[in-house]
Amino acid sequence: MLKDQNAMKGLRTLAVHAGEEPDEITGASAPNIAMATTFVQDELLAFSAHGAAEKESFIYTRWGNPTVQQLETKLAALEGGEACLAFASGMAASAGLVLSLMKAGDHLVCSDTNYPGTAELFRETLPRFGMTVTPVDSSEVSAIETAIRPETRLVWLETPANPILRLADIEATADLLRGRDIALAVDSTFATPVATRPLSLGADYVVHSLTKYIGGHGDALGGAVIGARDAIAALRLEAGIHHGGVLSPFNAWLIMRGMTTLPLRMKAHEEGAMAVARFLEGHPKVKRVLYPGLESHPQHQLAKRQMANFSGMLAFQVEDGAAVAQRMMRDLQVIHYAVSLGHQRSLIYWLETDELLASSFKLGGQAAESYRAFAGEGIFRTSIGLEDSEDLCADLARCLD
Ligand SMILES: *Cc1c(COP(=O)(O)O)cnc(C)c1O
């Protein structure tokens with residue numbers, strides 16, 4: 001019996017139940033994993049994916065899979081979107097969306113500071129296919145406006161942006177784009193639907209690396225795009241079925257299991273991050289702390305308006321960061337010195353400004369100065385996990401004192 005969807009309103013209820021149904025045959029209350037690549041058919045079907053994309057039942061797992069569909073339904077429910085397409089990684093989701101929406105001659109406006117994989121995809125790959133890209137400081141809506149051209153097809157925001165936690169105003173950007181034929185995509189990986197629901201603020205697409213908070217346990221790569229039903233159906237045909245970077249049912253099952261506790265985990269991540277951010281702000285060796293939940297964050301007012309949860313990501317500057325990074329690799333007892341974020345385990349990583357500006361971001365002039373105003377010579381990007389904040393503070397103190 002299909003559940004009445006109106007019985008599920010709250011985010012915690014949706015996180016637990018949306019997309020999941022007890023097994024019709026066994027009554028199993030937990031979801032199965034459909035580890036099948038192919039599904040037996042009972043009617044004649046054309047072999048082309050063009051016909052298959054409209055079919056409700058399953059044919060081949062690259063076109064759709066029951067376990068992956070459960071995850072997609074849950075994620076669409078949490079984001080308040082009509083539909084979702086899951087990918088093998090966050091990068092597969094970003095690349096799939098951009099390459100499906102844009103063609104040669106089209107123009108993209110993006111944040112000049114974002115996840116390095118995205119930055120490199122935009123700056124290195126898209127121009128090879130005849131697209132042009134203008135990176136701007138997307139915390140200024142006027143900078144986005146100035147960059148728009150007649151051939152602009154897509155505006156890409158990441159908020160809060162990796163690694164300096166700079167925010168972009170989604171609603172103001174959506175207002176700017178209203179009435180123009182330009183799509184707005186938001187990489188909301190750092191925020192999660194617990195903090196921000198970009199579709200409700202006027203975005204057309206929300207992009208997630210499921211590898212991070214949504215999966216939440218550091219054990220499975222995944223990605224997703226959420227948006228309107230027709231838009232996601234078109235994306236499934238091109239990016240899913242033809243580019244082929246789809247999610248494995250096993251990873252879908254792991255990520256879905258993680259998602260059930262997302263609202264609870266985000267509460268704990270935020271609580272821990274706030275405690276660590278305040279500790280760092282009071283530490284004599286720390287020059288600057290960047291955390292949207294702190295009054296000292298230059299966009300704290302926007303953060304309060306746009307984020308119902310300040311998430312667990314923070315960054316901080318110290319004197320001679322490279323030497324402190326060496327000490328961390330040797331002396332940290334709890335926090336892992338490692339890339340990635342959003343897991344139960346706290347993670348920290350040193351990002352040197354000159355190196356990042358020259359490699360991924362390729363920023364000079366005013367844009368480089370603006371980045372440097374946040375990051376100084378470098379920052380420690382820190383993902384606060386679910387441990388006791390006292391232990392995390394003591395671990396950091398060990399390397400700073
Ligand atoms: C990690 C990350 C990505 C890429 O995701 P993968 O799952 O590693 O491919 C994209 N955007 C942001 C903001 C990320 O943190």
Side-chain angles (χ1 to χ4, degrees), residues 115-116 160 162-165 189-190 192 194-195 209-221 254-255 257-258 261-294 296-297 309-353 355-356 374-401:
Y115 182 72
N162 181 75
I164 52 177
L165 288 317
T189 298
F190 276 33
T192 84
V194 175
S209 167
L210 305 179
T211 314
K212 313 297 170 50
Y213 286 107
I214 290 183
H217 294 78
D219 48 16
L221 286 177
L254 277 173
I255 292 166
R257 189 184 212 265
T261 56
L262 180 69
L264 298 179
R265 286 188 285 108
M266 291 313 293
K267 233 184 220 182
H269 284 301
E270 178 190 48
E271 187 187 290
M274 190 62 102
V276 174
R278 290 206 191 287
F279 160 77
L280 289 169
E281 223 173 23
H283 195 286
K285 295 276 175 63
V286 174
K287 292 203 290 192
R288 180 160 188 200
V289 183
L290 296 164
Y291 180 61
L294 289 178
S296 60
H297 189 284
N309 173 295
F310 295 123
S311 193
M313 293 302 297
L314 60 88
F316 62 96
Q317 293 174 31
V318 297
E319 212 67 67
D320 200 2
V324 174
Q326 295 285 350
R327 288 188 59 187
M328 284 180 176
M329 285 184 251
R330 199 184 56 220
D331 295 339
L332 285 173
Q333 305 293 319
V334 179
I335 303 169
H336 286 186
Y337 186 88
V339 295
S340 200
L341 58 108
H343 310 166
Q344 74 275 50
R345 289 173 282 271
S346 289
L347 305 168
I348 197 162
Y349 211 73
W350 164 242
L351 298 168
E352 206 231 323
T353 296
E355 196 239 290
L356 202 55
F374 275 78
E377 64 161 17
I379 45 170
F380 286 96
R381 187 183 73 176
T382 314
S383 171
I384 298 301
L386 301 176
E387 306 94 334
D388 294 293
S389 56
E390 295 78 9
D391 290 335
L392 300 177
C393 294
D395 215 24
L396 290 169
R398 226 186 314 278
C399 303
L400 291 172
D401 293 340

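Position 1 is the first residue of the sequence, and the numbers go up from there. All values below were derived from every heavy atom in this structure, side-chain atoms included, with hydrogens, water molecules and symmetry-related copies excluded.
The distance from atom OG of Ser383 to atom OH of Tyr213, rounded to the nearest 0.5 Å, is 4.5 Å. In this structure, OG in Ser340 is found 5.0 Å from NZ in Lys212, a value given to the nearest 0.5 Å. For the atom pair OG1 of Thr192 and CG of Leu262, the computed distance is 5.0 Å after rounding to the nearest 0.5 Å. Atom NE2 of His336 is separated from atom NE2 of His343 by 11.0 Å, given to the nearest 0.5 angstrom. Going from atom OG of Ser311 over to atom CE of Met274 covers 11.5 Å, rounded to the nearest 0.5 Å. Here the NZ atom belonging to Lys267 is positioned 13.5 Å from the CG atom belonging to Leu386, to the nearest 0.5 angstrom.
A donor atom on one side chain and an acceptor atom on the other are found under 3.5 Å apart for His283 and Asp401.
Gly312 and Ala273 get closest at one heavy-atom pair: CA-CB, 3.7 Å. The two atoms that bring Ala315 and Pro163 nearest to each other are CB-O, 3.7 Å, heavy atoms only. Between Thr353 and Gly376 the shortest heavy-atom distance is OG1-O, 2.7 Å. When all heavy atoms are compared, the tightest approach of Val194 to Pro263 is CG2-CA, 3.8 Å.
Listed for the Ser209 side chain is no donor-acceptor partner under 3.5 Å among the backbone atoms of Thr189. The closest donor-acceptor contact from the side chain of Arg381 to the backbone of Tyr349 lies at 3.5 Å or more, if one exists at all. Between the side chain of Glu377 and the main chain of Gly321, a donor-acceptor pair closer than 3.5 Å is present. No donor-acceptor distance shorter than 3.5 angstrom exists from the side chain of Arg398 to the backbone of Met328, with no hydrogens or angles considered. Thr211 contributes no side-chain N or O that, together with a main-chain N or O of Leu221, makes up a donor-acceptor pair within less than 3.5 Å. Put simply, the side chain of Asn309 gets close to the backbone of Met266: a donor and an acceptor are under 3.5 Å apart. A donor-acceptor pair is defined here as one N or O able to donate and one able to accept, closer than 3.5 Å; such a pair exists between the side chain of His269 and the backbone of Ile384. Here the side chain of Arg288 pairs no donor or acceptor atom with the backbone of Ile379 at under 3.5 angstrom.
Results of the side-chain contact (heavy atoms from CB on, under 4.5 Å) test with Ile348 over Asp395, Leu332, Leu341 single out Leu332 as the only residue that passes.
The shortest distance between side-chain heavy atoms of Thr382 and Ser346 does not fall below 4.5 Å. You'll find the side chain of Arg345 stays beyond 4.5 Å of the side chain of Val334, heavy atoms only. Side-chain contact check for Leu392 versus Phe279: every heavy-atom pair is 4.5 Å or farther apart. Residues Leu165 and Phe310 are not in side-chain contact: their nearest non-hydrogen atoms beyond the backbone lie 4.5 Å or more apart. The side-chain heavy atoms of Leu280 and Leu314, taken from C-beta on, include a pair separated by under 4.5 Å. A heavy-atom distance below 4.5 Å is found between the side chains of Ser296 and Glu281. Between Phe316 and Tyr291, every side-chain heavy-atom pair lies at or beyond the 4.5 Å cut-off.
A salt bridge does not link Glu319 with Lys285: none of the charged nitrogens is closer than 4.0 Å to a carboxylate oxygen.
The aromatic rings of Phe380 and Trp350 are tilted relative to each other, their planes meeting at an angle between 30° and 60°.
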